[in-house]
Protein chains: 4
Amino acid sequence: MARPASEEKRTAIMNATIGLVAAAGTGTSTAKIAKKAGVAEGTVFTYFSTKEALLSALLLELEGELADILLKDPLPGDEGREDMQHFWNRLIDWGVTNPTKWRTLKRLKISSQVPDSIRTQGERRFDEAAVVLARALARQAGEDANIRYAGIIMNAIAEATFDAIADNPNQRETLKLRGFAVFWGGMAGLSQEGSLTL
Amino acid sequence: MARPASEEKRTAIMNATIGLVAAAGTGTSTAKIAKKAGVAEGTVFTYFSTKEALLSALLLELEGELADILLKDPLPGDEGREDMQHFWNRLIDWGVTNPTKWRTLKRLKISSQVPDSIRTQGERRFDEAAVVLARALARQAGEDANIRYAGIIMNAIAEATFDAIADNPNQRETLKLRGFAVFWGGMAGLSQEGSLTL
Amino acid sequence: MARPASEEKRTAIMNATIGLVAAAGTGTSTAKIAKKAGVAEGTVFTYFSTKEALLSALLLELEGELADILLKDPLPGDEGREDMQHFWNRLIDWGVTNPTKWRTLKRLKISSQVPDSIRTQGERRFDEAAVVLARALARQAGEDANIRYAGIIMNAIAEATFDAIADNPNQRETLKLRGFAVFWGGMAGLSQEGSLTL
Amino acid sequence: MARPASEEKRTAIMNATIGLVAAAGTGTSTAKIAKKAGVAEGTVFTYFSTKEALLSALLLELEGELADILLKDPLPGDEGREDMQHFWNRLIDWGVTNPTKWRTLKRLKISSQVPDSIRTQGERRFDEAAVVLARALARQAGEDANIRYAGIIMNAIAEATFDAIADNPNQRETLKLRGFAVFWGGMAGLSQEGSLTL
DNA sequence: TATGAATGAGCCTTCATTCAT
DNA sequence: AATGAATGAAGGCTCATTCAT
């Protein structure tokens with residue numbers, strides 16, 4: 001009956017936020033976000049009750065998008081190196097294609113403007129992927145390898161890989177391969193240290 | 001800048017900043033910093049012309065401190081794994097001993113309140129360490145391994161290691177070993193991918 | 001203004017306003033009013049062009065309701081104490097029965113969000129009652145007693161009486177009697193001071 | 001050492017607030033207050049941490065001022081009508097001399113922007129005066145007359161008296177006398193209704 | 001007519017920085 | 001040099017009102 005809430009506007013606000021958070025951190029003002037999104041300052045608050053709510057929604061959205069991409073295509077199915085590399089390639093491709101999203105996601109994950117509960121909720125998006133990852137990892141790093149720890153390291157090496165690709169875009173595939181080799185080699189190192197009681 | 005009288009006050013301001021940035025990010029107000037440092041609000045600005053100047057000085061100071069620690073003790077001198085592990089141990093020990101410093105350093109490195117020129121300048125502090133690192137790395141990852149890339153990954157794995165140690169303080173030594181194994185294994189993986197022209 | 005369709009909605013808006021103004025003052029937002037009334041935000045403005053118009057209409061309505069009540073039942077007709085006490089009892093009964101209306105009326109009478117012209121207009125609602133009051137008063141306080149002055153005092157003592165009854169509901173009748181005694185005694189005092197030329 | 005906090009500025013802010021609250025209610029903006037006081041917007045908050053704190057301080061200050069005035073001069077000492085009239089005269093004189101203060105005080109007493117705890121605290125300022133009032137009242141209205149109730153009525157009649165004086169300034173003394181006669185007569189009426197158990 | 005999204009002025013408050021003392 | 005009061009530009013958010021549906 002009334003003017004319907006516009007998905008388009010919501011998206012515009014989110015995209016503006018992605019761009020600004022990537023460039024200037026979560027300290028960007030809602031006024032700048034509104035301006036960049038092409039809406040009135042007040043409109044931001046009809047779509048997100050609070051700046052915190054906006055940032056939280058953005059974190060969940062980005063993690064959801066990434067998680068979906070990891071799982072979209074069928075896995076090779078070897079339950080080992082190839083499955084893992086499949087994930088790795090998806091991760092790198094997404095990050096390289098969406099550098100500002102990646103940067104924003106990274107910032108949101110450590111921002112004090114996003115409540116811990118949201119961060120926890122966001123990790124849940126990766127539960128499904130984590131199962132596959134765990135299976136593949138078990139072969140390379142032993143049954144009791146810690147997935148969370150492996151995940152953080154995978155992320156970190158991906159990070160370094162993005163940087164390298166950003167500096168040398170034409171070496172993209174090589175760098176992607178190399179990054180995985182590092183990760184996979186690291187996981188092998190992990191296996192040699194025996195089990196831990198955490 | 002002719003250093004104002006009291007070195008003590010300068011240090012107090014820096015320490016207060018470390019604590020507050022670790023806890024609340026670079027958004028902390030200069031007023032809070034002054035209060036925690038036990039000086040008047042205006043005094044902050046006789047030691048640092050600007051909040052940006054304060055944060056920049058802090059970044060350089062922390063990176064200097066860390067760089068010094070890496071080089072303080074004599075190296076084993078094998079120009080390989082042991083030299084590298086020596087660095088690794090220094091890095092982890094410093095981070096575990098000074099968690100707020102580590103956290104603050106991490107935040108400053110990505111803060112939009114610190115100009116890029118400072119960030120570049122800060123990396124220079126590690127030039128000397130990088131030389132040693134390069135030599136050691138050459139053996140494990142090949143002559144043309146990229147130090148910057150390796151450095152970023154080392155940092156990342158260290159980060160994951162801190163988290164793990166923070167959660168399980170009594171496993172500190174085991175986790176330190178494991179972290180290094182991962183790093184070293186990763187570097188081995190690096191070598192297998194052939195040379196890159198970057 | 002051609003009254004919009006639903007008298008029911010108009011009433012709902014007014015009632016919602018009564019409740020909210022009593023609780024939170026004339027600063028309450030039109031959005032809250034709409035919500036409490038169960039209508040859309042915009043609907044408030046099809047019934048009342050302006051928030052000011054809404055509050056003004058409410059003031060007039062409440063004063064009208066109270067004035068009607070004062071006159072509804074037949075007076076004892078002694079043109080003295082009994083007529084006056086009849087009014088007093090109506091007034092107190094209405095206030096005790098409708099505490100939020102009373103509270104809202106009180107607030108509207110001094111709100112800067114209601115124009116003076118409306119306040120004046122509202123007083124006109126009591127003209128008829130004032131005639132009776134004047135006659136009754138003449139006996140107790142002299143021919144030239146000032147009705148406006150007496151009215152204000154009556155109101156004030158009623159106010160104090162409401163408070164007392166709110167604190168001690170079971171003493172209602174006694175307090176009502178006592179309040180009138182105070183008022184009537186005061187009017188006697190008034191007569192002793194001789195006439196005034198106002 | 002630093003620029004000392006200026007009592008003058010604090011007073012300017014308070015006076016500006018008195019004027020604006022009298023004219024427009026407690027909804028007045030801190031920006032307007034600052035402007036009228038001739039200070040920067042931020043300065044308001046170096047003297048009062050919060051708008052609520054400002055209004056609260058103002059309420060306590062005004063009640064304190066009024067309470068002091070009631071007690072300043074020596075009482076006639078008859079412990080009856082004359083003592084009471086002494087209070088009455090002080091009250092009326094203050095209100096007539098400071099109409100905006102009176103108006104502001106009235107508004108603050110019912111504002112939802114002042115916490116109840118402050119209101120309670122404010123009433124305490126009148127404790128000393130209340131003792132005298134109670135004694136005088138006992139003679140006219142009986143031993144068990146309720147002081148709070150009497151106080152409210154006194155206030156209310158004073159209110160009506162101010163209005164009348166504002167309309168007819170040259171009748172000031174006569175109206176003051178008349179107002180007291182009404183109050184005193186009302187208290188006599190009170191005595192006739194017998195005791196209440198509240 | 002009813003709806004509620006859209007608007008932008010305005011609100012209270014915080015903050016980096018300046019400056020009188 | 002040290003202090004902290006003074007400043008005014010933002011900042012996040014609310015609100016009365018308008019307008020597309």
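The chains referred to below are lettered A, B, ... by the order of the sequence lines, with proteins before strands, and numbering in each begins at 1.
- Residue-level contact check: B:Ser29 touches the backbone only, with heavy atoms under 4.0 Å from sugar-phosphate atoms and none from bases.
- Side-chain atoms of B:Glu41 lie closest to F:dA5 of the nucleotides F:dA5, F:dA2, E:dA5.
- The shortest distance between the side-chain N/O atoms of C:Thr46 and the OP1/OP2 oxygens of E:dT1 is not below 4.0 Å.
- Residues D:Thr26 and C:Gly42 each lie close to DNA chain E; by heavy-atom proximity, the contact nearer the 5' end of the strand is made by C:Gly42.
- Distance C:Arg10 CZ to E:dT1 P: 15 Å, rounded to the nearest Å.
- Taking NZ from D:Lys109 and CD from D:Glu123, the interatomic distance works out to 8.0 Å, rounded to the nearest 0.5 Å.
- Rounded to whole angstrom, the span from the CD1 atom of B:Ile13 across to the C1' atom of F:dA1 amounts to 12 Å.
- An OP1 or OP2 oxygen of E:dT17 is reached within less than 4.0 angstrom by no side-chain nitrogen or oxygen of B:Lys51.
- If you measure from atom CG of A:Leu55 to atom P of F:dG12, you get 10 Å, rounded to the nearest angstrom.
- Contact check for D:Leu66 versus D:Phe126: side-chain heavy atoms found under the 4.5 Å cut-off.
- Annotation: of the two residues near DNA chain F, A:Pro4 and D:Thr43, the 5′-most nearest-nucleotide partner is D:Thr43.
- Between A:Leu54 and A:Tyr47, the closest side-chain pair of non-hydrogen atoms is not below 4.5 Å.
- Nucleotide E:dC11: paired with F:dG12 (Watson-Crick or G-U wobble, both distances less than 3.5 Å).
- Look at CD1 on B:Ile33: it is 11 Å from C1' on E:dA16, rounded to the nearest Å.
- With rounding to whole Å, B:Phe45 atom CZ is found 13 Å from F:dG4 atom C1'.
- The shortest distance between the side-chain N/O atoms of C:Thr30 and the OP1/OP2 oxygens of F:dC15 is not below 4.0 Å.
- Here the side chain of D:Ser49 pairs no donor or acceptor atom with the backbone of D:Thr46 at under 3.5 angstrom.
- Distance NZ (D:Lys9) to P (F:dA5): 11 Å, rounded to an integer number of Å.
- Closest contact between the side chain of A:Ala5 and the listed nucleotides F:dG11, E:dC15, E:dA5 involves E:dA5.
- Using N1 to N3 plus N6-O4 or O6-N4 for Watson-Crick, or N1-O2 and O6-N3 for G-U wobble, each under 3.5 Å, F:dA1 pairs with nothing.
- Residues C:Thr30 and C:Glu41 form no side-chain contact, since every pair of their non-hydrogen atoms from C-beta on lies 4.5 Å or further apart.
- Residue D:Tyr47 contributes atom OH, which lies 18 Å from atom P of E:dT13 at whole-angstrom precision.
- Put simply, CG on A:Leu54 is 13 Å from C1' on F:dC13, counting in whole angstrom units.
- Annotation: of the two residues near DNA chain E, C:Ala40 and A:Gly38, the 5′-most nearest-nucleotide partner is C:Ala40.
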